[in-house]
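In this text, all values refer to a predicted model and were calculated from it rather than measured experimentally. Note that these values count all heavy atoms, side chains included, but never hydrogens, waters or copies made by symmetry.
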Amino acid sequence: QVLLVESGGGAVQAGDSLRLSCTASGRTISILVVGWFRQAPGKEREFVAAISRSGGTTNYAPSVKGRFTISRDYAKNTVYLQMNGLKPEDTAVYYCAAKTVYTEYVPTTNYDYWGQGTQVTVSS
């Protein structure tokens, strides 16, 4: 089993930055990919970014590419999502997720473990 805990959410103004953290514990050796997703009220959960185990491969949703950066710290078993230039449409609950097989990054159904989520609110 893997436990994922997110932190770093908050309420900010448009144009501000936030850094989300996702710390894993348990059988972390089984994790191949860690992804970030978000879900706004009344909308489906959507893919934001993902990073491979080696850190050598990253993927981003077109809506965040160039503004968000995903990275990982192996020593801390933590994956970060640096969010710059935040917009009101980035408001959502952000979840990190981990998967143990190399399947497509985007579908939520491909992820085996999920965190509890952290709220990000961006006001104009």
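Shown here for Val33 and Ala50, the closest heavy-atom pair between the two residues is CG1-CB, 4.0 Å. Taking each heavy atom of Glu6 and Tyr94 in turn, the nearest pair found is OE2-O, 3.9 Å. Of all non-hydrogen atoms in Tyr60 and Ala49, the two that sit nearest each other are CD2-CB, 3.7 Å. The heavy-atom pair separating Phe47 from Asn59 by the smallest distance is CZ-O, 3.7 Å. Of all the heavy atoms in Ala24 and Val2, the pair that sits closest is CB-CG1, 4.5 Å. In this structure, Gly55 and Tyr74 approach most closely via the heavy-atom pair N-OH, 3.3 Å.
At least one side-chain heavy atom of Asp90 sits under 4.5 Å from a side-chain heavy atom of Arg67. Contact check for Thr108 versus Trp114: side-chain heavy atoms found under the 4.5 Å cut-off. Ser52 is listed as a side-chain neighbour of Tyr105, based on a closest heavy-atom distance under 4.5 Å.
In the hydrophobic clustering of ILVMFWY residues, with side-chain heavy atoms under 4.5 Å counting as a link, Leu81 and Val12 come out together. When the side chains of ILVMFWY residues are joined at heavy-atom separations under 4.5 Å, either directly or via intervening members, Val34 and Val5 end up in two distinct hydrophobic clusters.
Put simply, the residue from Gln116, Gln39, Arg38 that forms a side-chain contact (heavy atoms from CB on, under 4.5 Å) with Tyr95 is Gln39.
Annotation: cation-pi geometry satisfied between Arg19 and Tyr80 (NZ/CZ under 6.0 angstrom from ring centroid, within 45° of ring axis).
Going from atom CH2 of Trp36 over to atom CG of Leu20 covers 4.5 Å, rounded to the nearest 0.5 Å. Here the straight-line distance linking atom CD1 of Ile70 with atom CD of Gln82 works out to 12.0 Å at 0.5 Å rounding. Rounding to the nearest 0.5 Å places CG of Asp16 at 11.0 Å from CE of Met83. If you take OG1 on Thr121 and CG on Leu86, they are separated by 10.5 Å, rounding to the nearest 0.5 Å. Distance CG/Asn77 to OG1/Thr23: 8.0 Å, rounded to 0.5 Å. Note that the OG atom of Ser21 and the CG atom of Leu4 stand 12.5 Å from one another [nearest 0.5 Å].
In this structure, the side chain of Asn110 does not engage the main chain of Thr103 through any donor-acceptor pair within 3.5 Å.
Taking the six-membered ring where tryptophan is involved, the planes of Phe37 and Tyr111 are perpendicular, since the angle between them exceeds 60° and thus also 30°.
The environment of CD in Glu46 is crowded: more than 12 heavy-atom neighbours from other residues, nucleotides or ligands sit within 6.0 Å.
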